[in-house]
There are 2 protein chains.
Amino acid sequence: MKLLDHIVTIPLFEGLSRGQHEALARIAVSRSYKKGQTIFSEGDEGIGFYAIVSGRVKIFKLSPEGKEQILHMMGPGDIFGEVPVFTGREYPAYAEAHNNSSLLFFPRNSFIELVKKDPSLSLNLLALLSRRLRRFAALIEDLSLKEVPARLAAYLLYASKKSSNKDEFDLDISKGQLASILGTIPETLSRILGRMGRQGIILSEGSRMKILNRTTLEEIATKGRKL
Amino acid sequence: MKLLDHIVTIPLFEGLSRGQHEALARIAVSRSYKKGQTIFSEGDEGIGFYAIVSGRVKIFKLSPEGKEQILHMMGPGDIFGEVPVFTGREYPAYAEAHNNSSLLFFPRNSFIELVKKDPSLSLNLLALLSRRLRRFAALIEDLSLKEVPARLAAYLLYASKKSSNKDEFDLDISKGQLASILGTIPETLSRILGRMGRQGIILSEGSRMKILNRTTLEEIATKGRKL
DNA sequence: TTTCCGCATTGACAAAAGTCAATTTTTCTA
DNA sequence: TAGAAAAATTGACTTTTGTCAATGCGGAAA
């Protein structure tokens, strides 16, 4: 069964038994989304949550002036939209397919039934939510780094870490979106990338980034070293 | 039994049975902290979580230059330090008693045992963590309001809401700490409070705040209306 | 009561980031 | 592959915020 294969690869369901995986497969629904397609909007009734099989999903909030604040970029294996499953309310943010994406949808009611019967499933969930809280706390911490160069440096180090600590990697989002993540605008980001490039700290060619001087980058991120 | 009485009043444990409450009371340990005392530090091993019986607790991170970024101010009934209980790692932030405080401590291992046996307990926990995630998302949204007046206005409206929507209320933290929450410095906060006062939007006398023009305050917070 | 210390306020100035507008580069599609 | 649209970059200028330094204010302790 194809669906079951996918379920087994989802970290959230790691360590569960064959029977538990099968139970999950019975309630899951496969769904496809085209690039740019909205999966749910802030305020929509929370009828279930999603797991990513392939593709990428952007989770974001919208300011009154329409400016995006990206909360997460989700990839294969990630779970999103689970908050209202347990609070019984609306989705707290927007979700949009960043690429053509293949998702699994778990309807709220069936899932709640499963969790009620199965404590080990809930321990996995508790760990997931706890980790997510931790990541949020880190994001808040980074946003509060007062200067943009520091936030950018922190982001580049984080992105490098995700690419198994290579010094060279691809930004998986546009620079405009990166600006949004860093809480700034494309013009400012462009200038700071330029300055870092001129000082030989990084090399930025399109979406290809190369870290030339990791030490300096770390000093900019953690101590408030000036550019 | 005194301890049981306190447990019953903790929202996290709302809706649980008498037997469940008693089981919790058996594993809980009562602890007292003096004003300013550290409860745990970032990086400490996560040996359990805390519930506040009385007093207030500050949860914060420290930047390399030693600047505090306050993540939460916790009050009676609130839970904190539960993240590492489920991820099995270290505390992700600092906790410090803001007043003389009386807490209940729930050791990790005993608690995990309880949760494993009891799905309804875990559903409550899942809802708690989900709500907290939601609040974090809101905080991130506010931090990304680009200007300080907007962030301050959002905070004042939030504080007023906590005081049952009264127009007059007390700040429960110093202005220096409020500045830190808003991601700015005391000088800037002071100037903006001054400007808002001169324009008849608020009245600020020490820690006593009065909202004189709620509509304008909302416009500053949500639309980027200028001060 | 008086002194001291921390917190808050204010002013002058410097630095950082945003806005607006023009231009170049890249990407997508017809 | 040309042409249009979107994204990125750059420059000139404005606004916002932070820094440094001086001063005021109020409560705790001698």
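Every chain is numbered from 1 and lettered A, B, ... according to where its sequence line falls, protein lines coming before strand lines.
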- Query: Quick one: is the NZ or CZ of B:K166 closer than 6.0 Å to the six-membered ring centre of B:F169, and within 45° of its axis?
  - Reply: no
- Message: Taking the six-membered ring of B:F60 as reference, does the cationic atom of B:K58 (NZ for Lys, CZ for Arg) lie under 6.0 Å from its centre and within 45° of its axis?
- Response: yes
- What integer distance in Å separates A:K175:NZ from D:dA8:P? 7 Å
- Item | Heavy-atom protein contacts under 4.0 Å, nucleotides 17-25 of chain D, coded B base, S sugar-phosphate only, - none | SBBB-----
- So B:F105 and B:Y50, would you call those rings parallel, tilted or perpendicular, with 30° and 60° as cut-offs? tilted
- Message: If the threshold is 4.0 Å, N to carboxylate O, is there a salt bridge linking B:D170 and B:R208?
- Response: yes
- Task: Summarise how protein sits on nucleotides 23-30 of chain C as a single string, 5' to 3': B when a protein heavy atom is under 4.0 Å from the base, S for sugar-phosphate-only contact, - for no contact.
- Result: --------
- Message: For a quick test of reading the model, state the closest non-hydrogen atom pair linking B:V57 to B:S101 and the distance between them.
- Response: CG2-OG, 4.4 Å
- Query: What are the two closest non-hydrogen atoms of A:I185 and A:A179, and how far apart are they?
  - Reply: C-CB, 3.6 Å
- Query: Rounded to whole angstrom units, what separation is found between the CE atom of B:M209 and the P atom of C:dA8?
  - Reply: 13 Å
- Task: Let me know the distance between CG of A:L189 and C1' of D:dT9, rounded to the nearest Å.
- Result: 11 Å
- Task: Describe, in one word, how the ring planes of A:F80 and A:F40 are oriented to each other, choosing from parallel (under 30°), tilted (30 to 60°) and perpendicular (over 60°).
- Result: tilted
- How many Å lie between CG on B:L171 and C1' on C:dC7, as a whole number? 14 Å
- Message: Angle between ring planes, A:F111 versus A:F106, binned at 30° and 60°: parallel, tilted or perpendicular?
- Response: perpendicular
